[in-house]
Asker: 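Quick one: the structure is below, questions incoming.
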Protein chains: 2
Amino acid sequence: MSIPRNTKAKQAVLHEISSSDFALSQPEIFERVKGACDRVTVYRVLDRLVMENKIHKIVNVDGTINYARCTSCDESHTHAHDHLHFSCITCKKIECLEEQLIHVKLPDTYQIKELFLTISGTCPSCQAT
Amino acid sequence: MSIPRNTKAKQAVLHEISSSDFALSQPEIFERVKGACDRVTVYRVLDRLVMENKIHKIVNVDGTINYARCTSCDESHTHAHDHLHFSCITCKKIECLEEQLIHVKLPDTYQIKELFLTISGTCPSCQAT
DNA sequence: TGCAAAACGCAACAATGTTGCATTAAATGA
DNA sequence: TCATTTAATGCAACATTGTTGCGTTTTGCA
Ligand SMILES: [Zn+2]
Ligand SMILES: [Zn+2]
Ligand SMILES: [Zn+2]
Ligand SMILES: [Zn+2]
């Protein structure tokens, strides 16, 4: 494996993800770091950050892919992904509900790798309207 | 609301989905009904079938969208979508695990619309290898 | 400072999905 | 059976999202 470098683009992308309280899509991230780097670079930086376990990938209920930094996950350990995600249909934001762990029991013939558990609905902020 | 029609394209698409034991993507469906209709028509037929509750939409762990016909769901009732889906990382097939119901408890501040629960891993067929 | 290679920009391509509009065909009733 | 209505289709064109190749730049380190 190659030694990762701390580039301007990487810092910018990671900063936007870190300072957002919900998961961002690639277009959203590119919009926010506008000028800092190329569109393709954002894709490559995101892939690298995922591999380095700095961020994690969330698939939204509509198939769009978002990126977030789990608050309870430090760089030290891998993401278990055994927690729920809440996807608001109004503001499109995705939250990690890390206190909500799900336990699934399947026949031994199934080998489980990861759980992708997302609830769609209206989040507290949007419900207050 | 308009009155749906039973067209050749619709029959072909529905037949492919019905006769498959795993969920199919739009490209896979288009491949299988080849010649029967245009690529765009497949998209429109799928949208209509989802609205008519004949099939349901499953988002794969990688964000790709697949379509399936729930065996336990007849046209009479709406899809609860409270069951698990298993997504094989080897053969890419998606199965409905309709006997596996999940019950989620969230604060009242969240209004739940749908559950999207997918497990990725290796399916029984691929594990036997 | 000089070097190796990690990372980047750019262009080109690929896959997937959408829209507008003229034409076709399915359902219904005369 | 035939005419009418309009749902549905085909086609072209466009939009979005993601990928690849390659020459150039920048980073980390000696
Ligand atoms: Zn919201
Ligand atoms: Zn999470
Ligand atoms: Zn499999
Ligand atoms: Zn299902």
Side-chain angles (χ1 to χ4, degrees), chain A residues 1-17 23-68 75 87 89 92-94 116, chain B residues 1-17 23-68 75 87 89 92-94 116:
Chain A
M1 237 212 250
S2 57
I3 297 128
R5 289 180 185 176
N6 194 22
T7 67
K8 215 168 75 175
K10 193 175 176 180
Q11 286 167 19
V13 169
L14 192 53
H15 176 261
E16 292 307 328
I17 295 173
L24 300 173
S25 65
Q26 186 278 343
E28 286 170 335
I29 294 166
F30 178 59
E31 171 74 21
R32 287 169 192 231
V33 301
K34 192 133 77 186
C37 66
D38 191 67
R39 194 173 67 89
V40 178
T41 301
V42 174
Y43 281 108
R44 296 199 263 228
V45 166
L46 288 171
D47 285 347
R48 248 176 288 144
L49 287 172
V50 168
M51 279 197 299
E52 294 171 20
N53 266 316
K54 292 250 176 47
I55 60 175
H56 72 149
K57 212 171 180 171
I58 306 170
V59 176
N60 204 345
V61 295
D62 59 0
T64 58
I65 291 175
N66 294 59
Y67 297 89
E75 288 131 51
S87 173
I89 54 177
K92 308 293 179 192
K93 294 176 183 173
I94 299 181
F116 294 80
Chain B
M1 239 215 249
S2 57
I3 298 130
R5 287 180 187 176
N6 194 23
T7 67
K8 215 169 75 173
K10 192 175 176 179
Q11 286 168 19
V13 169
L14 192 55
H15 175 262
E16 293 307 327
I17 295 172
L24 299 174
S25 64
Q26 186 276 342
E28 286 170 335
I29 295 166
F30 178 58
E31 171 73 20
R32 289 169 189 231
V33 300
K34 193 134 75 185
C37 67
D38 190 68
R39 195 173 66 90
V40 179
T41 301
V42 174
Y43 281 108
R44 296 199 263 229
V45 166
L46 288 172
D47 284 346
R48 246 176 290 143
L49 288 172
V50 168
M51 280 197 299
E52 293 170 19
N53 267 315
K54 292 253 175 48
I55 60 176
H56 73 147
K57 212 173 179 169
I58 306 170
V59 176
N60 203 344
V61 294
D62 61 359
T64 57
I65 291 175
N66 294 58
Y67 298 88
E75 287 130 52
S87 173
I89 54 176
K92 310 290 178 193
K93 293 176 182 173
I94 299 182
F116 294 80

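Note on naming: letters A, B, ... go to the chains in the order of the sequence lines (proteins, then strands), and numbering restarts at 1 for each one. If you're wondering where the values come from, they're calculated on a predicted model, not measured in any experiment.
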Asker: Going through the distances and angles, do A:I58 and A:I65 end up as a side-chain contact (heavy atoms from CB on, under 4.5 Å)?
Answerer: CA-CA 6 Å; A:I58 306 170; A:I65 291 175; over 6 Å; no
Asker: Are B:V13 and B:L49 close enough that some pair of their side-chain heavy atoms sits under 4.5 Å apart?
Answerer: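 Contact flag for B:V13/B:L49 side chains = yes.
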Asker: Which residue is it: B:R32, B:Q26, B:E28? I am looking for the one with a side chain to side chain contact (heavy atoms under 4.5 Å, CB included) to B:F30.
Answerer: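 For B:F30, the side chain to side chain contact (heavy atoms under 4.5 Å, CB included) check succeeds only for B:Q26.
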Asker: B:E28 has an atom CD; how far is it from atom P of C:dA15, in whole Å?
Answerer: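 Whole-Å distance recorded here is 14 Å.
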Asker: Which angle, rounded to 10°, do you find between the first-five-pair axis and the last-five-pair axis of the helix from C:dT1-D:dA30 to C:dA30-D:dT1?
Answerer: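 It comes to 30° between the two terminal axes.
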Asker: Strictly under 4.0 angstrom, non-hydrogen atoms only: write out the protein contact profile of nucleotides 2-8 of chain C, one letter per nucleotide from the 5' end, B, S or -.
Answerer: --BBBSS
Asker: Below 3.5 Å between N/O atoms, which protein atoms pair up with nucleotides 16-18 of chain C? Just atom names and distances, please.
Answerer:
| from | atom 1 | to | atom 2 | distance (Å) |
| --- | --- | --- | --- | --- |
| C:dG17 | OP2 | B:Y43 | OH | 2.9 |
| C:dG17 | N7 | B:R39 | NH1 | 3.0 |
| C:dG17 | O6 | B:R39 | NH2 | 3.0 |

Asker: Checking B:K93 now: which residues fulfil salt bridge (Lys or Arg N to Asp or Glu O under 4.0 Å) with it, not counting sequence neighbours?
Answerer: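 For B:K93 there are no salt bridge (Lys or Arg N to Asp or Glu O under 4.0 Å) partners, ignoring immediate neighbours.
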Asker: For B:K8, does its backbone N or O pair with a side-chain atom of B:Q11 as donor and acceptor, under 3.5 Å?
Answerer: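 Looks like no, no N/O pair under 3.5 Å.
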Asker: For B:S87 and B:V61, which heavy atoms make the closest approach, and how far apart are they?
Answerer: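 Looking at all heavy atoms of both residues, the closest pair is OG-CG2, 3.8 Å.
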Asker: For B:D38, check side-chain hydrogen bond (donor to acceptor under 3.5 Å, both in side chains) against everything at least two apart and list the hits.
Answerer: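 B:D38 satisfies side-chain hydrogen bond (donor to acceptor under 3.5 Å, both in side chains) with no other residue.
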Asker: Can you give me the first and the last nucleotide of DNA chain D (5' to 3') that has an atom within less than 4.0 angstrom of a non-hydrogen atom in chain A?
Answerer: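 Range of nucleotides within reach of chain A: D:dT17 to D:dG28.
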Asker: Do A:D62 and B:V59 have side chains that approach each other closer than 4.5 Å (heavy atoms only, starting at C-beta)?
Answerer: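 Not touching, per the 4.5 Å side-chain cut-off.
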Asker: Would you sort out whether A:Y67 and A:V50 count as a side-chain contact (heavy atoms from CB on, under 4.5 Å), showing the intermediate values?
Answerer: CA-CA 9 Å; A:Y67 297 89; A:V50 168; 3.9 Å; yes
Asker: Can you confirm whether the side chains of A:N66 and A:S25 place a donor and an acceptor under 3.5 Å from each other?
Answerer: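 No, A:S25 and A:N66 have no side-chain donor paired with an acceptor closer than 3.5 Å.
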Asker: Ion pair present between B:E52 and B:K10, side-chain N to carboxylate O less than 4.0 angstrom?
Answerer: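 Salt bridge present between B:E52 and B:K10.
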Asker: Would B:L14 and B:E16 count as a side-chain contact (heavy atoms from CB on, under 4.5 Å) if you check the C-alpha gap in whole Å, the side-chain angles of each, and the deciding distance to 0.1 Å?
Answerer: CA-CA 6 Å; B:L14 192 55; B:E16 293 307 327; over 6 Å; no
